[in-house]
Novice: 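Okay, handing you the structure first.
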Number of protein chains: 2
Amino acid sequence: METPLREPTFLILTALAGEPLHGYGLIAEVDRLSGGRVSLRPGTLYGALDRLVDAGLVRVDHEEIVEGRLRRYYQLTEPGGEVLATETERMRRNVDAATARLRAIKAAPRLSGGVA
Amino acid sequence: METPLREPTFLILTALAGEPLHGYGLIAEVDRLSGGRVSLRPGTLYGALDRLVDAGLVRVDHEEIVEGRLRRYYQLTEPGGEVLATETERMRRNVDAATARLRAIKAAPRLSGGVA
DNA sequence: AGCCAATATATCGGCTGCGAAGGTATGACG
DNA sequence: CGTCATACCTTCGCAGCCGATATATTGGCT
């Protein structure tokens, strides 16, 4: 697993931090928690899930058949929760650093397009 | 330019939001603002700078020779500042979503490794 | 004088993760 | 009986990062 986590992977872990979900449910949940801004594609989702399971951050919780269709539920593991917490902290620091500098820019713009 | 920005690219923009910097100065600044956690490699830095200049998010401010060595200073453009702001907002939302769910986990763990 | 470290730039190849596209199967609905 | 929605999975190309490597100059150490 590469770290820093990319956005799709990060959101998958975040979604699973709520409750175990199956593939399609995960897509829906990520859609919801991102306010519709991120729609996972199957290729992204299953690739990411395979990697996450390999790395032990997620595991298959159980499978069930609903209306003839298999649902494979994935669950966040404890290491998965730790990685999510660590990555969240990293991002928080980056966000804070950027926010501080952006505030300074607004106060006294120094960009190419600044007021002449 | 791919969006979401990857961490090195994001930090380069953040560093340049403070003041124009040259390559090596940028490496030092990113080192500092990341608390030593991120040390840019030349390959990462110059690749990213090329892409950022191509995309118009950063531009060459000026060049100067200090002690016989060329320093090429890069400056954040206005579009660059906007992208940085947008990306920061995106990350803030993701951080908030993850934080909320992580808090819930701590209160009532539901992970594989939870208390038996 | 001779050498190594630090400053400063740049390039190349491999790896990884994402995304677009496409594929299979089942049940529901008209 | 065809189409849509659900649900799984695979393959391929691309973009960005990183390690390694290269080149040039200044300065310090011996």
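Within every chain, numbering begins at 1; the chains are lettered A, B, ... in the order of the sequence lines, protein sequences first and strands thereafter.
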Novice: Using heavy-atom distances to pick each residue's nearest nucleotide on DNA chain C, tell me which of B/Tyr74 and A/Leu40 is more 5'.
Specialist: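 Taking each residue's closest nucleotide, the earlier one in sequence belongs to B/Tyr74.
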Novice: May I ask you to test the B/Arg101-A/Leu33 pair for a side-chain heavy-atom distance under 4.5 Å?
Specialist: yes
Novice: Write down the atom of B/Ala98, the atom of A/Phe10, and the distance for their closest heavy-atom approach.
Specialist: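 For B/Ala98 and A/Phe10, the tightest heavy-atom pair comes out as CB-CZ, 3.6 Å.
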Novice: In whole angstroms, how far is the C1' atom of C/dG22 from the CG atom of A/Leu45?
Specialist: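 Going from A/Leu45 (CG) to C/dG22 (C1'), I get 16 Å.
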Novice: What's B/Pro8 touching, base or sugar-phosphate or nothing? Going by heavy atoms closer than 4.0 Å.
Specialist: sugar-phosphate
Novice: Of the listed nucleotides (C/dT9, C/dG19, C/dG17), which one gets closest to any side-chain atom of A/Met1?
Specialist: C/dG17
Novice: Please report the distance, rounded to the nearest Å, between CZ in A/Arg37 and C1' in C/dG19.
Specialist: 18 Å
Novice: Could you check whether B/Gly23 gets within reach of a base, just the sugar-phosphate, or nothing at all, counting any heavy atom under 4.0 Å?
Specialist: sugar-phosphate
Novice: Can you tell me the distance, in whole Å, between the OH atom of B/Tyr73 and the P atom of C/dA8?
Specialist: 8 Å
Novice: For a 4.0 angstrom threshold against heavy atoms of chain A, report the outermost contacting nucleotides of DNA chain D in 5' to 3' order.
Specialist: D/dA5 to D/dT10
Novice: Give me the atom names and distance for the closest heavy-atom approach of B/Pro8 to B/Leu40.
Specialist: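 Smallest interatomic distance, heavy atoms only, reads CB-CD1, 4.0 Å.
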Novice: With nearest nucleotides of DNA chain C determined for B/Val66 and A/Arg51 from heavy-atom distances, which residue corresponds to the more 5′ nucleotide?
Specialist: B/Val66
Novice: Any chance you could measure A/Asp61, atom CG, to A/Thr77, atom OG1, to the nearest 0.5 Å?
Specialist: 11.5 Å
Novice: Could you tell me whether the phosphate oxygens of C/dG17, OP1 or OP2, come under 4.0 Å of any side-chain nitrogen or oxygen in B/Arg6?
Specialist: no
Novice: Assign A/Gly68 to base, sugar-phosphate, or nothing according to its heavy-atom contacts below 4.0 angstrom with the strands shown.
Specialist: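 Since only primed, P, OP1 and OP2 atoms lie under 4.0 Å of A/Gly68, the category is sugar-phosphate.
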Novice: Rounded to whole angstroms, how far apart are CG on A/Asp50 and C1' on C/dG17?
Specialist: 13 Å
Novice: Between the protein and nucleotides 1-7 of chain C, which nitrogen or oxygen pairs come in under 3.5 angstrom?
Specialist:
from  : atom 1 : to      : atom 2 : distance (Å)
C/dT7 : O2     : B/Arg69 : NE     : 3.0

Novice: Is any side-chain nitrogen or oxygen of B/Tyr46 closer than 4.0 Å to OP1 or OP2 of C/dT9?
Specialist: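 Yes, such a contact exists.
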Novice: Treating A/Glu87 as the side-chain partner and A/Leu5 as the backbone partner, does any N or O pair qualify as donor plus acceptor under 3.5 Å?
Specialist: yes
Novice: How close do B/Leu11 and B/Ser34 get, heavy atom to heavy atom, and via which atoms?
Specialist: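 Looks like CD1-CB, 4.4 Å.
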Novice: Grab the two heavy atoms, one from B/Ala85 and one from A/Leu102, that are nearest each other, plus how far apart they are.
Specialist: CA-CD1, 3.7 Å
Novice: Evaluate the ring planes of A/His62 and A/Tyr73, with Trp represented by its six-membered ring, and classify them as parallel (under 30°), tilted (30 to 60°) or perpendicular (over 60°).
Specialist: parallel
Novice: Tell me, do B/Thr14 and A/Asn94 make a side-chain contact under 4.5 Å, heavy atoms counted?
Specialist: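 Sidechains of A/Asn94 and B/Thr14: no contact.
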Novice: Could you pick out which residue, A/Leu70 or B/Arg41, lies toward the 5' side of DNA chain D when each is mapped onto its nearest nucleotide?
Specialist: A/Leu70
Novice: Rounded to the nearest Å, what distance is computed from the CD atom of residue B/Glu63 to the P atom of nucleotide C/dA8?
Specialist: 14 Å
